[in-house]
Amino acid sequence: TTTVSSIRYPESTTALTNIFHTRTKRHLQRIVIEYGLGEAFSQKKISKLETLKISSDNLRHPLKEELYTEEIGISKDAYQILKYHGSYQQSNREIRGKVKDYQFMLRLKQPAGELPPDLYRLLDDLSAKHGQGDLRATTRQCFQMHGILKGGLKTVISSIMNIGSSTVGACGDVNRNVMTTPAPFKTPEYEYAREYSKVFAHLFRPMTPAFTEIWLDGEKVATAEVWGKEVEKFNVDEVMKYDSGRGIILDHPVEPLYGDRYLPRKFKIGVTVPGDNSLDVYTNDIGVVVITNDAGELEGFNVMVGGGMGRTHNKETTFARAADHMGFVPKEDIMECLKAILAAQRDHGNRDKIQPWREMKEWKYNDWMGWWEQGDGKLFYGLHVDNGRVKDEGTFRLKTALRVIADRYNLPMILSPTQSIIFKDIEPKDKEGIEAVLAEHGIKPLEEVDPLNRLAMACPALPLCGLAQTEAERIIPSYLERVRALLNKMNLADEEILIRMTGCPNGCARPYMAELAFVGDGPKSYQVWLGGSPVLTRTAWPFKAKMDVDDLEATLEPILAMFVAQRQEYEAFGDFCHRVGAETIERYMESYNSVLA
């Protein structure tokens with residue numbers, strides 16, 4: 001149990017530039033811009049968005065007033081505030097006309113990806129009655145629902161809040177959903193990872209009463225957030241408000257950590273155990289790795305900082321970056337340490353002294369699909385979901401199958417970082433029954449899923465995402481088929497390549513960590529990225545600035561031919577590209593003659 005009196009506060013402090021190991025001007029530029037620290041170095045006037053945050057009265061206005069107008073949408077200002085409540089206003093960009101068909105996407109907050117069966121049943125019903133009839137598992141271990149009309153938003157959000165869940169902090173410039181390895185093993189390391197992901201989610205939640213005022217008319221929720229109740233022993237509220245006198249806590253009556261301007265950008269945290277990089281831990285602002293002693297007792301955490309996928313085309317000061325190893329933090333100090341890092345992002349504050357990084361086992365990537373023993377006599381089952389889309393379509397009835405399993409077996413779910421779903425706490429006697437339900441609803445067994453599909457991810461992109469420059473989710477199945485055909489022709493049928501696709505450079509599907517990525521840069525055009533690690537520990541690099549959709553095979557064939565000819569034993573595709581580099585690949589391509597018909 002952690003209490004305020006047990007936390008140690010070393011006297012020495014170090015600036016944010018040391019946190020992120022900014023040894024070069026380019027890294028410093030990225031921190032200034034990507035982490036919103038421009039005002040720490042200049043006297044520039046604050047942006048219109050920052051002014052809006054201040055005038056919103058801690059995320060109330062003008063959203064509160066505009067929800068009750070007869071308009072089908074809301075203003076740009078109200079939309080910016082709505083993000084903090086977990087929703088985005090969207091319209092179908094393929095329907096042309098002067099009047100937009102405004103609808104709303106709602107995203108849940110699910111620390112550690114956990115989803116109780118009663119919550120799934122509620123989402124299933126709400127999506128059918130108020131949404132477009134499907135659900136989408138995201139790349140940050142939570143469900144989102146599309147197609148909600150403005151008049152139904154209050155019903156949907158209040159229903160979710162009253163069952164013990166939330167949408168608060170799922171979007172906006174605050175700490176987002178805290179991720180962790182989805183494997184529900186009953187071992188001390190994995191238990192600590194799940195527990196502390198909920199601690200950090202509770203620690204960094206926005207405190208404004210705007211959420212209950214707007215969605216519950218000021219009434220208390222029927223059921224408090226489930227994860228908050230689970231971590232009561234940590235006295236998180238007391239620790240969050242504790243002021244060490246180092247500028248971490250603000251003199252603000254509502255938001256002691258966020259103030260009235262919140263953060264300059266979104267903030268992301270991931271928690272895992274040594275060796276398990278199933279969550280892309282290096283892509284987070286803060287990555288936390290559980291460290292235990294030989295008896296399985298928690299000693300503290302290895303902490304990494306500075307990861308991020310956000311970038312803008314043709315803007316060199318924005319770029320994808322894998323997190324740096326910062327050091328080891330004892331368990332008594334971890335909450336104060338993370339508070340300091342968040343404050344550093346908020347206003348270029350300070351951090352406490354950190355011990356050297358602890359040595360640990362090498363990282364491996366596993367999506368935890370298929371059947372596994374949980375460690376307590378029960379099983380868990382990872383169910384692959386293409387691009388996270390939970391829907392019924394023809395003989396493929398995944399949404400109905402999940403409802404049947406939830407009703408018949410009352411199993412909790414975990415959403416994985418790869419847009420798939422894990423059922424946990426399965427009695428061994430129920431294994432055959434669950435497999436039968438899936439088969440009856442047209443769900444392929446795992447052994448029939450192409451490894452390319454199993455490893456791949458894509459963002460939603462068109463038609464609803466306002467930032468998308470081209471397709472992603474809808475076109476990646478055809479790309480994977482074309483890549484598979486090419487691999488088969490080149491005697492690489494057994495090769496598994498981690499492929500990701502996004503419709504814009506913002507990186508929602510974490511493309512810059514993939515071995516091969518396609519990043520949309522215009523209609524039917526993509527950047528090609530190569531060289532990411534198969535265990536997701538380094539970023540890829542841009543290889544081709546523009547690739548037309550028809551040029552996929554012509555682009556990849558010479559690279560794969562070089563891979564076949566020059567790879568080292570057991571060398572993965574991403575490791576090969578990283579080793580030989582862009583210039584060597586380009587020289588090979590110049591003299592390559594296609595051998596395929």
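Every heavy atom of this structure was used, including side-chain atoms; hydrogens, water molecules and symmetry mates were not. Residue numbers run from 1 in the order of the sequence given.
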Quick test of your reading of the model: are [X] and [Y] salt-bridged, counting only N-O distances below 4.0 Å?
| X | Y | answer |
| --- | --- | --- |
| E225 | K109 | no |
| E232 | K229 | no |
| D280 | K268 | no |

Would you please indicate if the ring centroids of [X] and [Y] are separated by under 6.0 Å?
| X | Y | answer |
| --- | --- | --- |
| Y479 | Y526 | yes |
| F319 | Y512 | no |
| F211 | Y84 | no |

What orientation do F185 and W372 show, parallel under 30°, tilted 30 to 60°, or perpendicular over 60°?
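Geometry flag for W372 against F185: perpendicular rings.
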May I have the step-by-step check of side-chain hydrogen bond (donor to acceptor under 3.5 Å, both in side chains) for N177 and Q110, ending in yes or no?
CA-CA 6 Å; N177 196 47; Q110 295 171 233; over 6 Å; no
Side chains of [X] and [Y]: does their closest heavy-atom pair fall under 4.5 Å?
| X | Y | answer |
| --- | --- | --- |
| V288 | Y196 | no |
| I249 | L257 | yes |
| P417 | R510 | yes |

Do R567's NZ or CZ and the ring of F576 fall within the cation-pi criteria of under 6.0 Å and 45°?
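No, R567 does not lie over the aromatic ring of F576.
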Non-hydrogen atoms of P505 and T312 that approach each other most closely
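Here P505 and T312 meet closest at CG-CA, 4.1 Å.
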